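In what follows, a structure is listed as structure tokens, so that the remarks can point back to it.
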2 protein chains.
Amino acid sequence: MTHIDFAYPRDSNTQTNGKTDPAGEIHPCSACTVRTLTVCAALEAEELRRLAEILQTTRFDAGHTVFGEGDPAETLYNVTSGTVKVYKLLPDGRRQITGFLLPGDFFGLSVNDSYAYTAETVTPVSLCRFPRRRMEALLDEFPKMQRRLFSMASNELAAAQDQMLLLGRKTAKEKICSFLLLLSQRASRRGHKTNPVHVPMSRADIADYLGLTTETVSRTFTQLKTSRVISLLEGNKVQIQDMDDLLDLAEGA
Amino acid sequence: MTHIDFAYPRDSNTQTNGKTDPAGEIHPCSACTVRTLTVCAALEAEELRRLAEILQTTRFDAGHTVFGEGDPAETLYNVTSGTVKVYKLLPDGRRQITGFLLPGDFFGLSVNDSYAYTAETVTPVSLCRFPRRRMEALLDEFPKMQRRLFSMASNELAAAQDQMLLLGRKTAKEKICSFLLLLSQRASRRGHKTNPVHVPMSRADIADYLGLTTETVSRTFTQLKTSRVISLLEGNKVQIQDMDDLLDLAEGA
DNA sequence: CGATATCTTGAGGAATCTCAATACTAGTGG
DNA sequence: CCACTAGTATTGAGATTCCTCAAGATATCG
């Protein structure tokens, strides 16, 4: 986690692959499609303007590392399009993905002054960048933003607890079903179709998110397909045949 | 999680088993031993006084449920002595403990208006209770408190990510070693001895925290004892024989 | 259309769980 | 002070889920 269900939207004057530009005159926020989901949702015009002042937009290809574990934490990010994964590694390379970040999600919070995890793009991604110092200054100035951010952190904590329950106590099948439901629910919150669920990440990424191997993920998908709970469609889409079934399967009921 | 490394200390005019009393005249905070660890650390005298005004102290025996998953979230808590566990259940009774709360830790944050987990005492416990509404009002009034709380929530998120890595990717032995180190480090932060580590919780609780069974926890302890990494002492204490060994074992190195 | 990565499927193995018995500990009452 | 009880911890044996290793199928991209 430490990606927060914040939000900030798309813009036109963006550039590609790490090149950023001040989002100056045009006030990009006005066009933002994910604003309602995030910090920005709560802001007055003035606050939004000040936020826009310090913000830059960036674009990355798929598979790009936004920052690595241990890097100095100088920037906060908000996803405006695409999917980002954040993960931690063990010395021998075992990996745990702690979250997938979708448009409107916020990430880059740090504890001391370095990131405690790596952030990498799963698909091509657009981001808003907030310099940390300036963001902190804004938070001090606008308690409402602070509070909003805190409330989003609380949501994150709740999600983290759910994920711990999943990792510690659910079976492979329950994990996969929970995962599909999560994607469906997050799509719904974003106003997208909930049913054919878009699953942009690889089997390996799903495995590292659920504490499984790619083989087990693949086998479990096959099994769910065979028992007619889901079907796999073109373009990384998963059709949920019976939502109630899936809900039960996700909790072992 | 959603227990936050906040703090608030012991007091004299406390009562037992759920009975509370206004912590009025005497200003209990002045005697607080865990104040430095928590929200209170950052506060001015005035802020502290206001906080003390809305606070009540409570005491519970071991094994008492402070609140249950789904209960209306009307109170925030701060542990001043003893240990509390917070957990979530699956319909069939499988349990995941998402955190053990020690003196100075804060808990009771909620997402909508109900608790997303159950909180239960492990040992006899003293708590400070803050009515949620009044606490929120104070947070609005004192941005510094808000910010402190947010920073503690960020710490929680980082801890949650560590726990996900543990649950998803570590072996039983690595889990147990990590757990002992965690207890040792938390003791250290509280100014307690780091080496014979006090482990107040049962094997079953440890198992439910680490995503194992009690049998596996027990076997792993025996194994670590046999290989002279730790030894088990009287009174739920664990002596760490070689801290560096343990650090390596915790990460699979 | 070929090269490369990703996904699926198979067979066997290993870590952990389940079930079951025994040992220990702490508290209770004689 | 000592047995007795109830809960907790340890140990054992076998079962099971999931992992590992390996091959083949499918998809993706230049």
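Keep in mind it's a predicted model, so treat the numbers as computed, not measured. Just so you know, these numbers use all the heavy atoms, side chains as well, and skip hydrogens, waters and symmetry mates.
Between A:Phe221 atom CZ and D:dT26 atom C1' there is a gap of 16 Å when expressed in whole angstrom units. We find that CG of A:Leu212 is positioned 20 Å from P of D:dT16, with the value rounded to whole Å. Atom CD in B:Glu234 sits roughly 15 Å away from atom P in D:dA9 (whole-Å rounding). Taking atom CD of residue B:Gln223 and atom P of nucleotide C:dA15, one finds them 10 Å apart after rounding to whole Å. In this structure, CD of B:Glu174 is placed 12 Å from C1' of C:dA15, rounded to the nearest angstrom. Straight-line distance from the CD1 atom of A:Ile176 to the P atom of D:dC18: 10 Å, rounded to whole Å. What separates CG of A:Leu210 from C1' of D:dT17 is a distance of 16 Å, to the nearest Å. Distance, A:Leu224 CG to C:dT9 P: 13 Å, rounded to whole Å.
Taking the ring centre of A:Phe221 as origin, the terminal cationic atom of A:Arg203 falls inside the region bounded by 6.0 Å and 45° from the ring axis.
Place A:Arg169 and A:Met201 on DNA chain C by their nearest nucleotides, and A:Met201 ends up nearer the 5' end. Comparing A:Lys225 and B:Thr213 against DNA chain C, the residue whose closest nucleotide sits nearer the 5' end is A:Lys225.
Contact of B:Arg219 with C:dT18 (side chain to base): a donor-acceptor pair of N or O atoms is detected under 3.5 Å. A donor N or O paired with an acceptor N or O is not found under 3.5 Å between the base of D:dC18 and the side-chain atoms of A:Glu215.
At a threshold of 4.0 angstrom between heavy atoms, the contacts of B:Gly235 with the nucleic acid are absent. When heavy atoms are screened at a 4.0 angstrom cut-off, A:Thr222 is found touching the sugar-phosphate backbone but no base atom. Counting non-hydrogen atoms under 4.0 angstrom, A:Ser202 reaches the backbone sugars and phosphates but no base. Among the atoms of the strands shown, only primed sugar atoms or phosphate atoms (P, OP1, OP2) are found under 4.0 Å from some heavy atom of B:Gly211.
B:Glu174 and A:Arg94 are joined by a salt bridge, as a carboxylate oxygen and a charged side-chain nitrogen come within less than 4.0 angstrom of each other.
Which of C:dT8, D:dC18, D:dT10 sits closest to the side chain of B:Arg203 comes down to D:dT10.
Look at B:Thr216 and you'll find a side-chain N or O under 4.0 angstrom from OP1 or OP2 of C:dC17. Between A:Thr214 and C:dC7, a side-chain N or O to OP1/OP2 separation shorter than 4.0 Å is absent.
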Chi angles and distances behind the side chain to side chain contact (heavy atoms under 4.5 Å, CB included) call for A:Phe107, A:Tyr115: CA-CA 10 Å; A:Phe107 68 102; A:Tyr115 297 116; over 6 Å; no

Trace of the side chain to side chain contact (heavy atoms under 4.5 Å, CB included) decision for A:Lys85 with A:Thr121: CA-CA 6 Å; A:Lys85 63 190 174 196; A:Thr121 58; over 6 Å; no

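There is a side-chain donor-acceptor pair under 3.5 Å between A:Ser81 and A:Ser126.
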